[in-house]
Amino acid sequence: MPELPEVETIVRGLHGDLVGRLFIGATVLWGREIHGLSPSEFADRLVGQRVVGLRRRGKYIVSDLSRDVLLIHLKMSGRLYVAAAGQNTEHDRWVRVAFHLDNGRELRFSDARKFGRVYLVADEAEVTRNLGPEPLADTFTLEAFRALLAGRRGMVKSLLLHQGFIAGVGNIYADEALWHARIDPRRNVNTLEATEIERLYHAIRQVLETGIQLGGTTVSWYRQPDGTPGGYQSRFRVYDRAGEPCPNCGAAIRKIWLGQRGTHFCESCQR
DNA sequence: CGGACAACCTGGCGGC
DNA sequence: TGCCGCCAGGTTGTCC
């Protein structure tokens, strides 16, 4: 589900509900989603810590606490939302961890597929040290992107999905960015020309920024914290549109598999 | 290092 | 209606 725009939307939506609050307990309903700690160790360590900040790093939701750092990765089907204790909502059936707050409300981590992970660590680098740069940071310039690509090889789509290369891009925004940049996802990055690198750089930033503006992409599980769907699916040019006409040239959009991921593109526009 | 693939899981959907 | 197979926004580890 969640790529950079969805995670960013969630962080922004939860900020007011969480920052300044105190954790007074945690109920763990699926222990394997907690990394490295038993459910009781996790709850004991969390209780008494205050939320100092909430931010995003790649696809991780990062909460700075009074002593530790709480990180949550939503993987494919994770959702995060705040509700009053006792109040029922649509996705409660799949809640794996409930974080109890000091104001009678709770943060719920719902995750149908159980791939998601929660980390409570003293040093966030334990979790995020292998992530590449943030594609929307001011420091991520065209020059920085060029430098990042220097000496790399392999299929461009696979590289975009590699979190150690750039943090936050996933399958939807990778396919969409490559369409906007008019680059075939199978191209080896060591064959990209300067103009193509420049188009790709702008396309990556543009699709991610638009994704954030529209509150993310809802295909199935993802909702904003207030329950409303995102809107970026209305901007899809190729993703989930196999067989439909390319918005640019009208040719049928193809779907192939690259690595284990479905890949959508226009063979006529993307070279 | 790059690529292929299995594993981790459940739910929804199309086909029969 | 019921069952079966396939597909899904992600990551990690193994093997070649």
Side-chain angles (χ1 to χ4, degrees), chain A residues 1-10 29-36 56-61 71-80 90-97 109-119 126-132 148-178 185-191 204 207-208 210-212 214-224 229-243 255-264:
Chain A
M1 165 223 341
E3 304 181 31
L4 186 155
E6 291 74 43
V7 176
E8 181 67 28
T9 300
I10 288 166
L29 295 98
W30 190 257
R32 271 187 279 180
E33 299 223 348
I34 309 287
H35 176 84
R56 180 191 59 73
R57 172 75 174 102
K59 299 175 190 173
Y60 290 88
I61 294 144
L71 300 99
I72 298 177
H73 198 301
L74 303 171
K75 293 287 177 80
M76 299 286 265
S77 59
R79 279 208 56 199
L80 268 185
E90 182 193 355
H91 287 248
D92 291 342
R93 177 179 161 196
W94 301 287
V95 169
R96 309 304 180 196
V97 184
F109 179 29
S110 165
D111 181 21
R113 292 181 69 180
K114 298 178 175 172
F115 286 175
R117 287 294 177 273
V118 175
Y119 306 81
E126 289 177 44
V127 182
T128 61
R129 79 178 128 216
N130 291 325
L131 291 180
L148 210 55
L149 280 166
R152 307 289 303 228
R153 50 199 181 83
M155 284 185 291
V156 61
K157 162 105 185 243
S158 302
L159 197 57
L160 291 182
L161 294 181
H162 178 35
Q163 301 301 295
F165 175 67
I166 295 177
V169 177
N171 207 36
I172 290 177
Y173 295 94
D175 280 3
E176 293 296 311
L178 287 165
R186 299 165 293 189
R187 282 278 295 284
N188 190 318
V189 291
N190 68 15
T191 71
I204 291 167
V207 298
L208 295 175
T210 306
I212 293 170
L214 296 182
T217 295
T218 294
V219 176
S220 58
W221 293 102
Y222 168 76
R223 296 292 183 284
Q224 300 183 55
Y232 192 77
Q233 62 280 7
S234 70
R235 300 292 179 91
F236 283 174
R237 299 297 185 258
V238 285
Y239 185 82
D240 202 24
R241 296 192 64 235
K255 180 175 185 184
I256 62 172
W257 267 260
L258 288 191
Q260 297 293 98
R261 314 304 302 278
T263 297
H264 315 74

Checking contacts here: which listed nucleotide ([options]) is nearest the side-chain heavy atoms of [X]?
{"X": "M155(A)", "options": "dG11(B), dC9(B), dG3(B)", "value": "dG3(B)"}
{"X": "K59(A)", "options": "dG11(B), dT11(C), dG2(B)", "value": "dT11(C)"}
{"X": "R261(A)", "options": "dC9(B), dA8(C), dG10(C)", "value": "dG10(C)"}
{"X": "A112(A)", "options": "dG10(C), dA8(C), dG11(B)", "value": "dG11(B)"}
{"X": "R152(A)", "options": "dG10(C), dG2(B), dG3(B)", "value": "dG2(B)"}
{"X": "K255(A)", "options": "dG11(B), dC7(C), dA4(B)", "value": "dC7(C)"}

Taking only side-chain nitrogens and oxygens of [X], does any of them come within less than 4.0 Å of OP1 or OP2 of [N]?
{"X": "R113(A)", "N": "dG10(C)", "result": "no"}
{"X": "R93(A)", "N": "dG11(B)", "result": "yes"}
{"X": "Q163(A)", "N": "dG10(C)", "result": "no"}
{"X": "W221(A)", "N": "dA8(C)", "result": "no"}

Could you pull out the closest heavy-atom pair between [X] and [Y], with the gap in Å?
{"X": "R235(A)", "Y": "L214(A)", "value": "CG-CD1, 3.6 Å"}
{"X": "A242(A)", "Y": "K255(A)", "value": "CB-CB, 3.8 Å"}
{"X": "H91(A)", "Y": "R79(A)", "value": "CD2-NH1, 3.1 Å"}
{"X": "E3(A)", "Y": "V169(A)", "value": "OE1-C, 4.0 Å"}

Distance check needed: [N] [atom2] versus [X] [atom1], whole Å only.
{"X": "Y222(A)", "N": "dT10(B)", "atom1": "OH", "atom2": "C1'", "answer": "21 Å"}
{"X": "E3(A)", "N": "dA8(C)", "atom1": "CD", "atom2": "P", "answer": "13 Å"}
{"X": "L159(A)", "N": "dC1(B)", "atom1": "CG", "atom2": "P", "answer": "12 Å"}
{"X": "K114(A)", "N": "dA7(B)", "atom1": "NZ", "atom2": "C1'", "answer": "15 Å"}
{"X": "D92(A)", "N": "dG11(B)", "atom1": "CG", "atom2": "C1'", "answer": "17 Å"}
{"X": "Y173(A)", "N": "dG10(C)", "atom1": "OH", "atom2": "P", "answer": "11 Å"}
{"X": "F109(A)", "N": "dC9(B)", "atom1": "CZ", "atom2": "P", "answer": "14 Å"}
{"X": "H73(A)", "N": "dC9(B)", "atom1": "NE2", "atom2": "P", "answer": "17 Å"}

>> Quick check against the 3.5 Å criterion: does N188(A) have a side-chain atom that pairs as donor or acceptor with the backbone of M155(A)?
In response: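 Between the backbone of M155(A) and the side chain of N188(A) there is no qualifying donor-acceptor contact (under 3.5 Å).
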> Quick check: does any side chain N or O of N190(A) sit under 3.5 Å from a backbone N or O of R153(A), one acting as donor and the other as acceptor?
Replying inline: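 The answer is no, because no donor-acceptor pair under 3.5 Å joins these two groups.
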> Between E126(A) and Y119(A), is any pair of side-chain heavy atoms under 4.5 Å apart?
Replying inline: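 No. Closest side-chain heavy atoms not under 4.5 Å.
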>> I'd like to check T9(A) versus Y222(A) (side-chain heavy atoms, cut-off strictly below 4.5 Å). Are they in contact?
In response: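 Contact flag for T9(A)/Y222(A) side chains = yes.
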> Using Watson-Crick and G-U wobble pairs whose two distances are both under 3.5 Å, how do you write the pairing of DNA chain B as dot-bracket, with | for links to another strand?
Replying inline: .|||||||.|||||||
>> Quick test of the criterion, 5.5 Å between centres and less than 30° between planes. Is F115(A) stacked on dC9(B) or not?
In response: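 Given the distance and angle limits, no, they do not stack.
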> Yes or no on side-chain contact (heavy atoms from CB on, under 4.5 Å) for L131(A) and Y60(A), after CA distance, side-chain angles and deciding distance?
Replying inline: CA-CA 10 Å; L131(A) 291 180; Y60(A) 290 88; 4.0 Å; yes
N/O-N/O pairs, protein side and nucleotides 12-16 of chain C side, under 3.5 Å:
none

> Using the P atom in both, what is the distance from dT10(B) to dT1(C), to the nearest Å?
Replying inline: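 Each nucleotide's P atom is 25 Å from the other's.
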> Expressed in whole Å, how much space separates the P atoms belonging to dC4(C) and dC9(B)?
Replying inline: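 My reading of the P atoms in dC4(C) and dC9(B) gives 22 Å.
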>> Can you confirm whether the side chains of E6(A) and Y173(A) place a donor and an acceptor under 3.5 Å from each other?
In response: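 Yes - a donor-acceptor pair under 3.5 Å links their side chains.
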> For the residue pair W94(A) and W221(A), does the interplanar ring angle fall in the parallel (under 30°), tilted (30 to 60°) or perpendicular (over 60°) class?
Replying inline: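 W94(A) vs W221(A) ring planes: perpendicular.
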> Contact class for R153(A) vs. all strands (heavy atom < 4.0 Å): base, sugar-phosphate, or nothing?
Replying inline: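 Touches sugar-phosphate only.
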